[in-house]
Protein chains: 2
Amino acid sequence: MGHNPTIADVAERAGVSKGTVSAVLNDKSSVSDATRKRVRDVIKAMNYRPRASAQHLLQGDGDRTIGLVIKEDDNPYYAGVIAGVRRVAGPRGYVLLVASSEGSSEAEHRVVEAMAAKDVSGLIITPALGEEADVTHLFELKRRNIPFVLLERIRGIQSHIVDIDNVLAARDAVGHLIERGHSHIVHFAGPPYSAHSQERVEGVRRGFSESSLVFRDEFIVPTGAHMEDGYETGLAYFRACGADRPTAVTCYNDLVAIGLLRALRELGLRVPDDVSVVGCDDLPLMDYLGTPLTSVRIPKEEMGAAAAEILIRHLEAEEPPPLEKVTLDAEVVVRASTTDLASADRAA
Amino acid sequence: MGHNPTIADVAERAGVSKGTVSAVLNDKSSVSDATRKRVRDVIKAMNYRPRASAQHLLQGDGDRTIGLVIKEDDNPYYAGVIAGVRRVAGPRGYVLLVASSEGSSEAEHRVVEAMAAKDVSGLIITPALGEEADVTHLFELKRRNIPFVLLERIRGIQSHIVDIDNVLAARDAVGHLIERGHSHIVHFAGPPYSAHSQERVEGVRRGFSESSLVFRDEFIVPTGAHMEDGYETGLAYFRACGADRPTAVTCYNDLVAIGLLRALRELGLRVPDDVSVVGCDDLPLMDYLGTPLTSVRIPKEEMGAAAAEILIRHLEAEEPPPLEKVTLDAEVVVRASTTDLASADRAA
DNA sequence: ATGAAAGCGCTAACAA
DNA sequence: TTGTTAGCGCTTTCAT
């Protein structure tokens, strides 16, 4: 048969009424053992499964759910954000559902639609930057009056936003290096699907322009967001650059930095003696590495928490509250992977 | 007012019929601009939001969703499992929704209920071991005929299962050490909410019993599943043990091992010279550490993929297929964190 | 362009 | 114990 069996199909086949089947389904005591068994058998035989969406339509209120859309399952960065969301959403009785777009705008579209179809109360989204800037699903959410908070600024869409100042973050990273006497600095840039990535590149530019150093396009090395990316790009780059080797690298994120660290190690270059490395995100892991990594601290938990606060406030408001824009600050956390070139010279 | 506004409320307030409101909602062209505007205004004013569950009840078929319940958001182990699930579920048109129980049986209950209420097609669950062995939600799933696959064996419940042989895994880890001449080995054990944890302890026992060494209860050191746990326990343990220091530690998982590594580093103990360390899971990260970590490879992706295969097969079968039990193998991956005691002696 | 009515799959209230 | 009826919030004919 074509479609899935309904309660009516079961009722008919079992020779009882829909009401009786429903009673069986809900374990009511008012059904005779004989009927119950018969109905159960039919249910099993037909592989019948009640549609939760039709059951009572109970969800209307009893069901608080927040959908969170991230971009990479394997980046501990999101674990931080998730923890923040959970910290505020949990106590308020919201269940958290997470889905990843893996950086694909199209996948994001599907995932958001699915969550909307599932009737989540609201969404928190880290939007992927599509070539085609496909944000139709976001407009769809607005049309359907499903509240959402964005975790990255995206043009052409009005919404709640919680973001950090990536330009400043990257500028500070570069600034930190320049202060310590570095003049040959390159940036291992993130993936194109990330607004953060682009903003951080801009921040690097800014860092240069605020110093006496002159920026050159080659300082930006396209890399990615994963350890592998940092590793492979690192290997290739430092093999190729020969004598004209940079004294420092700022990375799109910590994962890339970890990859780069490995590449440098394998190439026999020492960190920070030969090359200083600074990451971004400040993952908990950073303190655990052999040479703890200097990184720009992104307030991941705070971001998640703030987003959840705003979303829930919106959800529970009688009328739609005004749009909120929150920008959190990043800050360089100095560890062992960056050295002061001046004092190093002095020492030598 | 008490309950959420319905389409009828909107219709009434706007002085039109439900049908018209519905038309506006769905952007039909058959509505006059004037009416449309009026309806839209009322919708906004009432903060009305259509219930997706009632809209067409369309989900019935068009909506393929797999819910995955994990136990720790911040453990890259699950990233592997997720990748495996996604690899097979994605191409088949299933959207993946992930939720974490954070090791709490009660939270797992809530999360599973929520997913069931959302009408996910099926579930893959890493069950938390509750004190009270609360598996009522799993029975609930069976009653409602919602297929699921377990990623950890759990007693008292019949279901599809994909698991690994943890006893063997831990035994091999210990065996590896014993082969290399270690005789004082301890195990940093995992959290009580994990069956894997208990099985691995059992495996350690087994490793001893298969050698000439005699096992003692103190060899099992309760630790946890996170880096912090490994770090703190490591610090405390190695500070306390004085001269009677173990030459090797097997860890519940890689995260714990990473924490332990840090502790040893801070205590001035060298790995593997002073202490050999072996982890478990074989996270991608292991290759990136300063001293790459010997670990027991758990086939994470394969587990996820196998679970997804079984689940989807069940979902798409006309009648319920027989229960499947898959057990995958683990295998020690030797890296730099374990040394051969015999040859070390020789060298000395 | 709009309204009235039927129907989606289910539960609940009431008879029988 | 069971069947019948109404109704949940929405969409979709079909008149008008």
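The structure displayed is predicted, hence computed values, not measured ones. Naming: A, B, ... by sequence-line order, numbering from 1 per chain.
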Should the pair [X]-[Y] be classified as a salt bridge under the 4.0 Å nitrogen-to-oxygen rule?
X: B/Arg86; Y: A/Glu102; result: yes
X: B/Arg143; Y: B/Glu140; result: yes
X: B/Arg313; Y: B/Glu324; result: yes

Distance in angstrom units between A/Arg144 CZ and D/dC10 C1', rounded: 12 Å
Rounded distance in Å - CG (B/Asp119) to P (C/dC8): 18 Å
Touch class at under 4.0 angstrom, heavy-atom based, for A/Val16 against every strand present: sugar-phosphate
Below the 4.0 Å mark, does [N] have OP1 or OP2 next to a side-chain nitrogen or oxygen of [X]?
X: A/Thr6; N: C/dC8; result: no
X: A/Ser22; N: C/dT11; result: yes
X: A/Ser17; N: D/dT4; result: no
X: A/Gln55; N: C/dT11; result: yes
X: A/Ser30; N: D/dT2; result: no

Please tell me which of the listed nucleotides, [options], lies nearest to the side chain of [X]?
X: A/Lys28; options: C/dT2, C/dA12, D/dG9; value: C/dA12
X: B/Thr20; options: C/dT11, C/dG3, D/dC10; value: C/dG3
X: B/Lys18; options: D/dT2, D/dT11, C/dT2; value: D/dT11
X: A/Ile7; options: C/dA1, C/dG3, C/dC10; value: C/dC10
X: B/Arg51; options: D/dG9, C/dC10, D/dT11; value: D/dG9

Residues within residues 35-44 of chain B bordering DNA chain D, heavy-atom distance below 4.0 Å: none
